[in-house]
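Following: one structure in structure tokens, then a few remarks.
Ligands are counted one by one from 1 in listed order, and the atoms in each one are counted from 1 as well.
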Amino acid sequence: GNPAEANGQLHFPDGFLWGVATAAYQIEGAAAEDGRGPSIWDTFSHTPGRVIEGHTGDVACDHYHRSADDVRLMADLGVSSYRFSVSWPRIQPDGSGAVNQAGLDFYRRLVDDLLAHDIEPWLTIYHWDLPQALEDAGGWPARDTAARFADYAQLLQSALGDRVRYWTTLNEPWCSAFLGYGSGVHAPGRRDAAASVRAGHHLMLGHGLAVQAMRAIRPENQYGVTLNLYAVSPQSDSAADADAARRIDGMANRFFLDPVLRGQYPADVLGDLRQVSDFGHVRDGDLAVISTPLSMFGINYYTRYVVAAADPDIEREPYGRDPSAFPGSEDVQFVSRGVPVTDMDWEIDAPGLLETLQRVHREYTKLPLYVTENGAAFPDKVIDGTVDDQDRLAYFDEHLRACQEAITSGVPLRGYFAWSLMDNYEWAWGYTKRFGLVHVDYESQRRTPKSSAKWYAEVIRRNALPAQ
Ligand code: GBH
């Protein structure tokens with residue numbers, strides 16, 4: 001049996017870090033307050049046709065005005081850590097230059113409040129809200145944006161590094177690069193495959209420069225990055241499907257894993273992208289910066305991709321739109337296996353999380369790993385003042401079992417952050433998808449902890465899952 005199983009419970013190691021995660025644009029609202037400048041998500045969400053039903057983050061969960069209540073919610077859950085992101089245009093309204101003190105003060109108060117409640121702040125420097133002024137100057141496809149990002153990171157580090165110990169540079173650079181500049185379904189909505197490849201490089205360069213700049217000021221803090229990783233498998237054992245899986249693994253996972261953790265682009269990915277980019281934007285020394293040693297590594301996991309070689313008779317979903325978010329792999333199709341899905345239509349695949357954790361540990365790094373996001377959208381209903389989200393609860397339970405198995409097998413997984421603390425602005429899906437442990441009524445801003453929240457609080461309290 002599993003040695004972690006005792007007294008009818010499946011235990012986690014002492015000191016395992018239990019958290020919840022959010023992101024600035026998805027919860028804060030107050031888009032024009034206290035000197036905040038516009039970000040690419042303000043522009044994008046206010047452009048007709050970009051976001052479902054024209055939803056914007058203008059108000060969102062109004063967290064900017066309710067952060068004290070939200071910290072109390074977290075304290076009630078008993079979490080040991082809170083992963084949030086800082087809105088760059090609150091700190092630097094035009095993307096560079098002097099700090100906007102009122103914006104910084106918001107995060108200073110938040111951090112102090114978290115510490116007062118014994119909650120460790122986990123700060124993500126960039127979760128997709130680039131100052132619009134920097135986009136106007138070329139955005140991530142322009143090399144200079146990497147340097148601006150490092151300046152901004154350094155500024156945050158000097159202001160908050162005495163009380164925030166855990167720092168993540170970027171959340172999911174794949175999304176910023178390939179959804180923002182390739183398929184255009186995220187801000188800034190550009191559709192230019194070559195630009196998306198440059199954006200990916202400059203995001204990673206910004207990450208490396210930022211870690212170097214921050215570590216120079218505060219060597220004692222922990223630095224990492226968060227990638228969205230996927231388990232990828234071929235639909236069949238044909239050579240063509242195996243090649244499709246290799247390509248998608250290359251674009252979704254290895255395009256970022258290899259430069260950051262091995263200091264090189266994977267040769268096969270450079271080959272797949274030959275028609276798209278000659279990688280002339282990569283300068284000598286860039287990969288050494290990008291692979292600057294880290295103290296920890298963050299993984300966001302939601303689902304598995306099952307892929308197959310092109311078949312014109314099968315509808316291409318969800319990413320095979322024109323243009324594709326997987327440049328150079330337009331002929332690959334994403335296949336549904338008909339297994340249960342969430343409200344995003346993502347297949348529920350907890351073994352894929354175990355596989356991903358073991359792979360990163362075995363093939364890429366011996367660093368401490370953290371699941372910095374994992375969770376599921378379901379169409380919740382408030383009935384008699386409660387939300388009985390057994391589907392979400394089961395999703396968390398299955399994925400936490402996968403985490404536990406990873407730990408038992410020797411993976412140094414040190415913590416888990418549920419996505420998300422509360423329902424919020426789900427990017428191109430607006431407020432139509434709910435990922436929260438806590439339900440948000442967007443009319444009244446009332447917060448209602450769901451059944452999954454009560455269950456998670458109990459798991460945290462016991463540091464264990466109920467045995468099955
Ligand atoms: C994470 O992205 C994000 O970090 C977080 O902000 C987000 O709320 C959470 O997941 C849940 O989605 O259907 O073409 O519009 C995970 C990767 C990539 C998943 C973008 C959703 C939408 C593409 N995300 N994708 S599309």
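Residue Asn424 places no N or O, backbone or side chain, under 3.5 Å from any N or O of ligand 1. The N/O atoms of Tyr302, backbone and side chain alike, include one that comes under 3.5 Å of an N/O atom in ligand 1. Between Glu426 and ligand 1, at least one pair of N/O atoms sits closer than 3.5 Å. The shortest N or O to N or O distance between Trp174 and ligand 1 is not below 3.5 Å. Below 3.5 Å of separation, one finds an N or O of Trp419 facing an N or O of ligand 1. The shortest N or O to N or O distance between Trp346 and ligand 1 is not below 3.5 Å.
Stacking of Arg90 on the aromatic ring of Tyr64 is recorded, both the 6.0 Å distance cut-off and the 45° axial limit being met.
Residue-level proximity to ligand 1 for Cys175 is carried by the side chain, the only part with a heavy atom below 4.0 angstrom. With a 4.0 Å cut-off on non-hydrogen atoms, His186 touches ligand 1 through its side chain and not its backbone. The proximity of Phe178 to ligand 1, defined as any non-hydrogen pair under 4.0 Å, does not occur for either the backbone or the side chain.
Across the listed options Gln26, Glu373, Lys433, Met344, Glu373 owns the non-hydrogen atom lying nearest to atom 4 (O) of ligand 1. Looking at Tyr425, Tyr301, Trp128, Trp429 and measuring to atom 15 (O) of ligand 1, the nearest heavy atom belongs to Trp429.
Against a heavy-atom cut-off of under 4.0 Å, Glu172 is close to the following atoms of ligand 1: 1 (C), 2 (O), 3 (C), 4 (O), 16 (C), 17 (C). Residue-ligand proximity, Tyr230 to ligand 1, at heavy-atom distances under 4.0 Å covers atoms 17 (C). For ligand 1, the atoms closer than 4.0 angstrom to any heavy atom of Leu179 are 18 (C), 20 (C). Residue contact check: Asn171 has heavy atoms under 4.0 Å from atoms 4 (O) of ligand 1. Counting atoms of ligand 1 from 1 in the listed order, those under 4.0 Å from a heavy atom of Val185 are 14 (O), 15 (O).
Looking at residues two or more places apart in sequence or on another chain, you find a side-chain contact (heavy atoms from CB on, under 4.5 Å) between Gln92 and Trp88, Tyr152, Leu155. Under the salt bridge (charged side-chain N to carboxylate O under 4.0 Å, His left out) criterion, Asp241 pairs with no residue at all, not counting sequence neighbours.
Taken from OG1 in Thr43 to CG in Asp136, the straight-line distance is 7.5 Å, to the nearest 0.5 Å.
The six-membered or imidazole ring of Phe178 lies away from that of Phe326, with a centre-to-centre distance of 6.0 Å or more.
Shown here is Arg165, whose CZ atom has no more than 12 heavy atoms of other residues, nucleotides or ligands within 6.0 Å.
Thr226 and Asn171 share no side-chain donor-acceptor pair at under 3.5 Å. A donor-acceptor contact closer than 3.5 angstrom links the side chains of Asp258 and Tyr364.
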